[in-house]
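See below for the structure under consideration.
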Amino acid sequence: YFWAYAVLAAEPLLLIPLLIALLRPEEIGVLGSIEALIIVLGGLSQLGVKFSYLQHVADHGQEGRGRGFWTAALMTCAAGFAAGALAAPLLDAPPVAGVLGMVPGVHWTVLGGLMLATNLQMMLVTDLRAKRTPLPFAAASLARVVAVALLVFQLTGRMGEPIEAILLA
């Protein structure tokens, strides 16, 4: 799993030159604040399901993981969407916008969908760990880095809101 995590850890380093070219300094600061919020919301909305699922697989074996996976994935995806959808309007509230230095204007469906995707990715990665298959995990990590870079480049050129475009990528 080392190489897969190494690729994921390198993702921000690969994206920094692209973000610097596409965003103003204040937008980079807002994006960083939103990313920090995503980390906190992800941890809260995943509800400790990852470890419960890994224990389920350890107790019931590989062949018994199907129903446990879908239950855990649906539960964490729903919680993630709700957390993101509820947090998005708070970003535009005057006290928060004052701290950020601008109104981010991230639509509630964008942040909700991003949190849903974050939690789904967590469950898919956890399932690969439960199956003890590091090669697909590493390949998925590499594909994600390439896809995110391409999407950031494509979407920011076409959308009026660069922060929303980067979050969608």
Side-chain angles (χ1 to χ4, degrees), residues 1-47 49-50 73 76-77 79-129 133-169:
Y1 298 102
F2 171 78
W3 292 111
Y5 283 117
V7 169
L8 287 177
E11 180 180 324
L13 298 175
L14 298 172
L15 291 178
I16 287 173
L18 186 60
L19 295 177
I20 289 172
L22 296 171
L23 298 175
R24 298 185 320 260
E26 61 271 13
E27 291 172 329
I28 291 173
V30 170
L31 182 63
S33 298
I34 293 172
E35 290 289 337
L37 175 65
I38 290 167
I39 290 169
V40 171
L41 288 177
L44 293 174
S45 66
Q46 291 168 5
L47 311 166
V49 169
K50 176 186 349 188
T76 58
C77 286
F81 184 83
L86 291 172
L90 297 176
L91 292 173
D92 294 339
V96 177
V99 169
L100 294 176
M102 66 183 287
V103 175
V106 177
H107 197 269
W108 65 272
T109 56
V110 171
L111 193 54
L114 179 60
M115 291 307 307
L116 182 149
T118 298
N119 286 357
L120 179 60
Q121 177 191 10
M122 178 274 304
M123 280 307 303
L124 292 171
V125 166
T126 301
D127 191 48
L128 287 174
R129 285 183 60 204
T133 51
L135 190 57
F137 180 41
S141 298
L142 184 58
R144 173 191 150 89
V145 170
V146 172
V148 167
L150 290 173
L151 283 171
V152 164
F153 187 70
Q154 288 292 322
L155 290 175
T156 52
R158 295 182 180 169
M159 293 181 68
E161 293 290 330
I163 293 175
E164 238 178 31
I166 290 168
L167 291 174
L168 283 172

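Nothing fancy with the numbering, it's 1 onward along the sequence.
- The line from SG of C77 to CD of Q121 is 11.0 Å long, rounded to the nearest 0.5 Å.
- When all heavy atoms are compared, the tightest approach of A79 to S45 is CB-O, 3.4 Å.
- Annotation: side chain of I38 is in contact with side chain of L111 (closest heavy-atom distance under 4.5 Å).
- Taking each heavy atom of I34 and P104 in turn, the nearest pair found is CD1-CB, 4.1 Å.
- When the side chain to side chain contact (heavy atoms under 4.5 Å, CB included) test is applied to I20, the partners found at least two apart in sequence or on another chain are I16, I28.
- In this structure, the side chains of H107 and V110 come closer than 4.5 Å at one or more pairs of heavy atoms.
- For the atom pair CE of M123 and CG of L128, the computed distance is 11.0 Å after rounding to the nearest 0.5 Å.
- Between F81 and the options L116, T76, L86, L114, a side-chain contact (heavy atoms from CB on, under 4.5 Å) holds for only L116.
- Remark: side-chain polar atoms of E27 are paired, donor with acceptor, to backbone N or O of R24 under 3.5 angstrom.
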Could you go through the side-chain contact (heavy atoms from CB on, under 4.5 Å) check for T118 and L41 one step at a time?
CA-CA 10 Å; T118 298; L41 288 177; over 6 Å; no

Going through the distances and angles, do R129 and K50 end up as a side-chain contact (heavy atoms from CB on, under 4.5 Å)?
CA-CA 10 Å; R129 285 183 60 204; K50 176 186 349 188; 4.2 Å; yes

